Amino acid sequence: MRAQTNKRMRNKMTRLYLFLCVFFAATTVAAQEDIDDDDRLLREEDTTAVDTLELYVQDVDSRLAWPHNIRERIGRLLKSSVFTTSTVGICIYDLTADSAIYRYNDRQLMRPASTMKIVNAVAALDKLGGSYLFKTQLLYSGRIDSGVLQGNVYCKGGMDPLFNGDDMKAFVESLKKMGIDTIRGNVLADLTMKDRDLWGEGWCWDDDNPVLSPLLINRKDAFLQRFSQELKHVGIVLDGDTLKGATPAHAYEICVRTHTMDQVLMRMMKNSDNLFAEAMFYQLAASTGNFSAKARDARKLVNRLVTKFGLQPKDYYIADGSGLSLYNYVSPELEVQFLRYAYRNNNIFVHLLPSLPIAGVDGTLRKRMGKGTAQGNVKAKTGTVTGISSLAGYCTAANGHLLCFSIIHMGVRRSGIGRSFQDKVCEALCEP
């Protein structure tokens with residue numbers, strides 16, 4: 001009898017154990033689904049959940065006039081649990097109506113990442129103009145006698161990031177055309193256009209940083225080496241050394257190679273090229289006329305615009321032109337001020353707008369917002385560094401109004417989450 005009782009107890013215990021296993025498994029799945037629900041708007045892979053919530057938002061929007069529907073949409077996006085551990089700043093401005101339509105932490109100081117390139121581009125276009133040329137010069141001193149140059153050759157750097165092998169060949173061919181077969185002197189690299197710093201202020205040592213030299217070839221700091229090789233290739237003998245030194249005022253120009261503002265701007269913005277951005281920044285610095293231009297010279301010109309906007313330069317910090325620096329601090333409000341200024345000045349806007357990546361089409365936005373009303377509509381600069389995801393630019397709302405916006409997301413460990421949120425905000429701006 002006791003054995004049968006024990007057997008019945010074991011069977012009951014087994015059934016109870018199995019029930020509890022099933023119960024806890026179901027509870028765990030439900031809990032996981034709840035966690036996922038909090039982040040539905042920020043998960044592109046959970047398309048069913050996103051579509052369901054968007055239908056609900058659309059139903060609410062149908063009872064709201066523009067721009068209240070936009071505010072409602074963005075407000076719902078901000079309810080995501082992502083923002084319990086991260087901070088976002090948003091500023092949206094209606095350029096057609098000349099009024100702000102949405103502000104959220106828009107005056108918070110934040111690291112902009114590569115949206116700093118907008119600040120850089122607008123300031124450079126304002127100061128230098130759209131017809132500005134990036135140039136590298138070849139000069140000589142001394143005299144030419146029977147094919148022998150009794151003097152020095154100077155390669156004067158202008159920090160042109162597009163200087164390439166064809167430009168180098170043009171330099172050497174220009175010497176050949178002058179009948180020079182021997183240089184009885186030195187070849188000097190003139191790097192005086194900027195200071196000696198090869199990295200920007202506040203750059204991480206383990207990042208993929210460009211080299212900030214005024215004389216680069218194909219992005220590499222090997223100008224003199226390549227020049228010597230090309231001389232040898234065409235049969236010009238260098239009877240001297242390759243050195244660094246300033247070009248004397250009495251030197252004669254042999255050849256100059258140039259690239260346009262638009263050529264540099266397109267690569268800088270579409271591809272988010274940091275070298276091109278720093279080259280632009282140092283053109284701005286050099287325009288002050290100061291010998292051996294420094295980043296602070298460019299900063300002064302940017303700050304003049306900040307003052308012109310009615311804001312205080314001391315409230316921000318502009319460390320570089322690319323957004324790589326850990327020291328950069330701006331706000332969404334400030335970036336929108338630069339976008340507004342560009343829009344009001346056509347000589348800036350006609351160069352800036354075509355350079356911006358287009359959603360679902362090209363540049364760093366080619367794989368984002370590939371469908372819907374944002375596709376081909378949003379033209380904006382992306383920004384990504386560790387912990388930061390940002391987007392700033394222009395789009396056209398369903399009522400035909402042109403908008404500009406800045407979204408800076410700090411403390412976001414997975415950049416894909418930041419990008420997804422930005423895409424949803426842009427869709428909210430463009431949808432009817």
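Treat the numbers as computed from the prediction; the structure is a model and nothing was measured.
- Taking the six-membered ring for Trp and thresholds of 30 and 60 degrees, Phe163 and Phe223 have ring planes inclined between 30 and 60 degrees apart.
- Shown here are the side-chain hydrogen bond (donor to acceptor under 3.5 Å, both in side chains) partners of Asp297, two or more places apart in sequence or in another chain: Asn290.
- Remark: Ser86 pairs with Val82, Phe83, His409 by the side chain to side chain contact (heavy atoms under 4.5 Å, CB included) rule, at least two apart or across chains.
- Asp167 meets the side-chain hydrogen bond (donor to acceptor under 3.5 Å, both in side chains) test with Arg257; sequence neighbours excluded.
- Environment of CZ in Arg344: crowded, with over 12 heavy atoms of neighbouring residues, nucleotides or ligands closer than 6.0 Å.
- Between Glu335 and Thr115, the side chains place a donor N or O and an acceptor N or O closer than 3.5 Å (distance only, hydrogens not considered).
- Aromatic ring pairs are classed by plane angle as parallel below 30°, tilted from 30° to 60° and perpendicular above 60°; the pair Phe349 and Tyr343 is perpendicular.
- A side-chain N or O of Thr192 and one of Asp190 form a donor-acceptor pair less than 3.5 Å apart.
- With respect to Lys177 and Glu173, no salt bridge is recorded, no charged nitrogen being found less than 4.0 Å from a carboxylate O.
- For the residue pair Ser389 / Gln422, a side-chain donor-acceptor distance below 3.5 Å is found, with atom types taken as modelled.
- Scanning for side-chain hydrogen bond (donor to acceptor under 3.5 Å, both in side chains) contacts around Tyr132 gives Gln283, with sequence neighbours left out.
- Checked against a 6.0 Å centroid threshold, the rings of Tyr317 and Tyr327 do not count as neighbours.
- Under the side-chain hydrogen bond (donor to acceptor under 3.5 Å, both in side chains) criterion, Gln225 pairs with no residue, sequence neighbours left out.
- With sequence neighbours left out, Asp98 forms a salt bridge (Lys or Arg N to Asp or Glu O under 4.0 Å) with Arg340.
- Ion pairing of Asp160 with Lys135 is absent here, as no side-chain N (NZ or NE/NH1/NH2) approaches a carboxylate O to less than 4.0 Å.
- Between Phe309 and Tyr341, a ring centre-to-centre spacing shorter than 6.0 Å is recorded.
- The pair Glu431-Lys424 does not count as a salt bridge, with every side-chain nitrogen at least 4.0 angstrom from each carboxylate oxygen.
- Under 4.0 Å is where a charged nitrogen must lie from a carboxylate oxygen, and between Asp195 and Lys294 no such pair does.
- For the side chain to side chain contact (heavy atoms under 4.5 Å, CB included) with Ser325, the qualifying choice from Asp320, Val385, Ile318 is Asp320, the only one to do so.
- Both tests do not hold together for Lys379 against Tyr394: distance to the six-membered ring centre under 6.0 Å, angle to the ring axis within 45°.
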